[in-house]
Amino acid sequence: MPTSPVFLDNKSAIAALFQQALATAFPALMASDFKIEVEKPKNPDHGHFAVNSALQLAKKLGKKPCEIADALVTALAPSDLLLGTPEIAGPGFINIRLSLSAETRVIKSVFENADNFGRTNQGNNQKVLVEFVSANPTGPLHVGHGRAAAIGDTLSRLLDWQGWDVSREFYYNDAGAQINNLALSVQARLREKAGVESAFPDGGYHGDYIREIADRYVEKFAHDKAGGELDAVRAFAVDYLRNEQDLDLKAFDVSFDRYYLESSLYSENLVDKTVAHLIANGKTYEQDGALWLKTTDYGDDKDRVMRKSDGSFTYFVPDVAYHVNKWQRGFARAIVELGADHHGSLARVRAGLQAMQIGIAAGYPDYVLHQMITVMRGGEEVKISKRAGDYVTLRDLIDEVGRDATRYFFIMRKSDSQLTFDIDLARSKSEENPVYYVQYAHARICSVLAQWQTQGGGDTSTLKAVDHSPLTSKYESDLMRALADFPETLKHAATELAPHIVAVYLADLAAKLHTYYNAERFLLDDEKLKLARLSLILATAQVLKNGLTVLGVSAPEKM
RNA sequence: GCGCUCGUAGCUCAUUUGGAUAGAGUAUCGGCCUCCGAAGCCGAGGGUGGUGGGUUCGAAUCCCGCCGAGCGCACCA
């Protein structure tokens with residue numbers, strides 16, 4: 001597990017400074033443990049940072065906000081962080097400007113930490129399990145799975161960067177009725193090929209891939225052209241599709257530490273044990289020949305059947321058993337990335353876990369839901385239906401749009417907003433994908449540095465220890481503060497389980513770089529200024545690269 | 001009918017968890033390459049944040065009602 005010194009950002013440093021001033025100015029307040037918050041004003045006229053504590057404390061202290069702000073500023077210890085004296089503005093905000101030396105500090109920190117800049121030890125190496133994709137092996141992965149894969153993988157990377165010990169897991173529902181459907185569908189195609197009269201099963205899968213599987217089956221099992229051996233057909237179809245899915249995921253640069261088979265819950269008796277435990281806890285009752293779980297004791301709106309009158313279990317029982325198993329494997333924290341159409345099951349799985357009474361925390365597991373994707377083709381919405389065989393596969397997307405653009409597209413929006421994927425646009429105008437904007441910023445910097453080297457500049461590592469005092473322009477100040485925001489941004493994204501925050505940040509950082517590039521020149525005659533600027537953009541390239549790495553996107557030197 | 005998620009510029013979406021004048025991209029219009037990559041930059045127009053209340057110094061953000069959208073509401077998975 002890579003570690004790095006935590007970069008004490010300017011924001012925290014300022015918060016500490018004001019916390020001390022608060023203690024000096026209002027000693028009596030210490031008992032109530034008020035915490036100073038430092039924020040970044042949207043309006044540049046309001047300085048680099050702002051403190052609004054005076055407004056929040058007005059009522060508590062029975063004083064006017066302006067008086068409190070004044071007392072705080074007066075009590076501030078001298079610091080080389082600050083440029084001049086903070087201003088008191090509006091109803092009682094304190095606006096702060098950073099000194100040049102405080103702003104340039106981040107460049108050194110970027111070089112010291114390099115590929116680890118932005119990492120923290122917050123997770124303290126605790127185990128966390130991230131479950132995602134978990135597609136049934138009944139068809140190829142489609143765009144929805146792509147979104148799940150991109151989000152789940154990025155969440156995993158984010159948590160890794162926060163110092164968690166992350167395990168990625170894929171849960172295969174290989175024991176249910178859908179697998180049977182798959183087998184029957186393949187069998188129907190086999191019979192068709194063999195000229196045996198038979199009807200296609202109700203609810204069967206109509207996609208072309210079913211015929212493909214049938215063709216492959218006959219190649220391997222020439223003696224069973226009509227698919228009479230259903231078990232063999234089933235096993236073959238599942239193996240075939242699992243392999244296909246693995247290839248899709250590999251092309252997407254997503255890998256898992258473990259594939260957990262639903263069937264193993266049965267073969268290891270975990271479902272029976274879970275049910276027995278719930279019965280023993282008195283959380284169940286018999287009614288109408290079925291066994292019910294009192295999920296209403298834990299906030300569900302009605303009780304749920306666990307064991308049907310025909311003796312089989314409903315789907316959520318193995319889900320509960322699976323999560324008990326996660327807990328018992330030592331994952332005190334678990335995150336499940338799911339399509340929003342599954343949200344109905346969250347309450348009952350959590351209720352089941354609570355009813356176990358084995359110390360599982362009430363919110364276990366965390367869920368991250370992503371909304372469905374509307375796919376447009378030819379100006380019309382494509383209704384995704386695996387059963388009808390109408391959908392767009394993840395592989396198609398990767399082949400035609402590219403891995404980087406596909407990943408970025410799925411990540412850049414908040415996961416619980418619905419998004420529209422226009423296939424034609426993605427195919428014909430893939431260069432408009434915002435990921436290129438970010439990658440271009442990186443490539444641009446590399447290009448400038450390469451030219452500096454051909455002019456005899458030497459190794460870029462010499463740029464890491466130059467004097468940064470010439471960096472006095474507004475563009476440089478904006479860029480340096482953006483770099484300094486990176487660690488906090490990652491932390492925020494990890495806390496919120498919201499990968500899109502990283503994408504939004506990178507777009508902003510790239511914009512600042514492009515603006516700077518167009519406003520100033522780097523390869524100048526003024527040696528000191530040249531080196532300082534090159535050093536700044538070298539640090540920027542490092543941060544762009546680190547951010548793209550967290551998203552699983554490459555940072556090319558040329559495009 | 002009940003539940004979950006949501007409603008921000010023509011379109012696609014942000015808004016750092018309650019802060020000051022709500023921002024990007026795209027589309028439209030107008031500028032910028034004899035000069036480090038124009039996959040870029042600069043500027044203009046475009047908004048009663050679905051709507052009506054409430055909470056407070058302060059609300060797109062929190063609470064309630066209504067309107068609208070998506071999804072889920074089987075002894076299916």
Side-chain angles (χ1 to χ4, degrees), chain A residues 11 37 39-43 45-46 50 52 54-56 58-59 64-65 89-93 95 136 138 173 175-179 181 203 262 287-292 300-302 304-316 318-319 339-347 369 371-372 374 412-414 416-420 422 425 431-441 443-452 455 485 488-489 491-493 495-496 498 500-501 503-505 507-508 510-511 513-524 530 533-534 537 558-559:
Chain A
K11 199 172 181 179
E37 298 285 350
E39 54 192 22
K40 282 181 290 172
K42 292 174 200 158
N43 187 334
D45 292 341
H46 297 147
N52 61 15
L55 291 159
Q56 295 169 333
K59 191 166 274 181
K64 286 181 185 165
F93 293 100
N95 295 336
N136 292 344
T138 54
N173 292 95
Q178 294 186 24
I179 297 297
N181 250 337
E262 182 187 6
Q287 186 182 309
D288 305 330
L291 182 70
W292 296 69
D300 203 356
D301 53 357
K302 60 181 187 183
R304 305 292 170 174
V305 170
M306 293 173 65
R307 193 175 57 219
K308 297 181 262 186
S309 47
D310 69 4
S312 62
F313 294 114
T314 56
Y315 76 95
F316 93 97
D319 263 9
D341 53 340
H342 290 86
H343 74 253
S345 71
L346 314 191
L369 302 180
Q371 284 291 340
M372 301 294 92
T374 306
M412 81 189 163
R413 267 67 200 264
K414 209 166 38 181
D416 60 8
S417 66
Q418 291 164 239
L419 66 81
T420 304
D422 189 321
L425 187 69
E431 73 274 10
E432 286 182 15
N433 190 300
V435 74
Y436 298 111
Y437 184 81
V438 179
Q439 290 179 320
Y440 182 45
R444 239 182 177 174
I445 294 170
C446 293
S447 171
V448 173
L449 292 171
Q451 285 184 49
W452 173 68
Q455 292 173 11
D485 284 342
E488 189 193 341
T489 301
K491 189 174 152 190
H492 184 224
T495 306
E496 297 297 314
H500 81 280
I501 290 174
V504 170
Y505 167 85
D508 180 67
L513 185 277
H514 288 308
T515 297
Y516 182 36
Y517 179 93
N518 277 275
E520 308 280 8
R521 294 191 59 79
F522 305 105
L523 301 174
L524 304 155
K530 174 172 77 181
R533 287 183 172 173
L534 291 174
I537 62 172
K558 284 181 186 169
M559 303 172 57

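Please read these numbers as outputs of a predicted model, since none were measured by experiment. All heavy atoms count here, side chains included; hydrogens, waters and symmetry mates do not. Letters go in sequence order (proteins before strands), and every chain restarts at 1.
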> Is A:Asn95 side chain donor-acceptor paired with the B:rA20 base, going by distance under 3.5 Å alone?
Replying inline: yes
> To the nearest Å, how far apart are A:Lys42 NZ and B:rA14 C1'?
Replying inline: 11 Å
> Does A:Thr515 make a side-chain donor-acceptor contact with the base of B:rC41, cut-off 3.5 Å?
Replying inline: no
> Between B:rU16, B:rU56, B:rC75, which one does the side chain of A:Lys40 approach most closely?
Replying inline: B:rU16
> What integer number of Å spans the P atoms of B:rG68 and B:rC76?
Replying inline: 34 Å
>> Nearest to the A:Phe93 side chain among B:rU16, B:rG19, B:rC75, which nucleotide is it?
In response: B:rG19
>> What's the gap between B:rG31 and B:rG45 when it is taken at their C1' atoms, as a whole Å value?
In response: 15 Å
>> At less than 3.5 Å, do the side-chain atoms of A:Asp341 and the base atoms of B:rG72 form a donor-acceptor pair?
In response: no
>> Counting only side-chain nitrogens and oxygens, does A:Gln455 get under 4.0 Å of the OP1 or OP2 atom of B:rC36?
In response: no
>> Does A:Lys558 reach a base, just sugar-phosphate, or nothing at all? Heavy atoms under 4.0 Å.
In response: base
> Given B:rC73, is OP1 or OP2 found less than 4.0 Å from the side-chain N or O atoms of A:His342?
Replying inline: no
> Would you say a side-chain N or O of A:Arg533 is under 4.0 Å from OP1 or OP2 of B:rC36?
Replying inline: no
> When we call it a touch if two heavy atoms are under 4.0 Å apart, what does A:Ala50 touch: a base, just sugar-phosphate, or nothing?
Replying inline: base
>> So if I take every side-chain heavy atom of A:Asp45 and compare against B:rU21, B:rA20, B:rU16, which nucleotide ends up nearest?
In response: B:rU21
> What form does the base of B:rC63 take, syn (within 90° of 0) or anti?
Replying inline: anti
> Of the nucleotides B:rA38, B:rA14, B:rA77, which has the atom closest to the A:Tyr440 side chain?
Replying inline: B:rA38
> In terms of side-chain heavy atoms of A:His500, which of B:rU15, B:rA20, B:rA77 is nearest?
Replying inline: B:rU15
>> Between A:Arg521 and A:Asp310, which residue's closest nucleotide on RNA chain B lies nearer the 5′ terminus?
In response: A:Arg521
> Counting side-chain heavy atoms from CB outward, which of B:rU21, B:rG37, B:rA74 is closest to A:Lys302?
Replying inline: B:rA74
> Ignoring hydrogens and angles, are the base of B:rG3 and the side chain of A:His343 linked by a donor-acceptor pair under 3.5 Å?
Replying inline: yes
> Side chain of A:Arg413: nearest nucleotide among B:rA14, B:rG40, B:rA77?
Replying inline: B:rA14
>> Here's a test of your reading of the structure: between A:Leu55 and A:Tyr437, which maps to the more 5' nucleotide of RNA chain B?
In response: A:Leu55
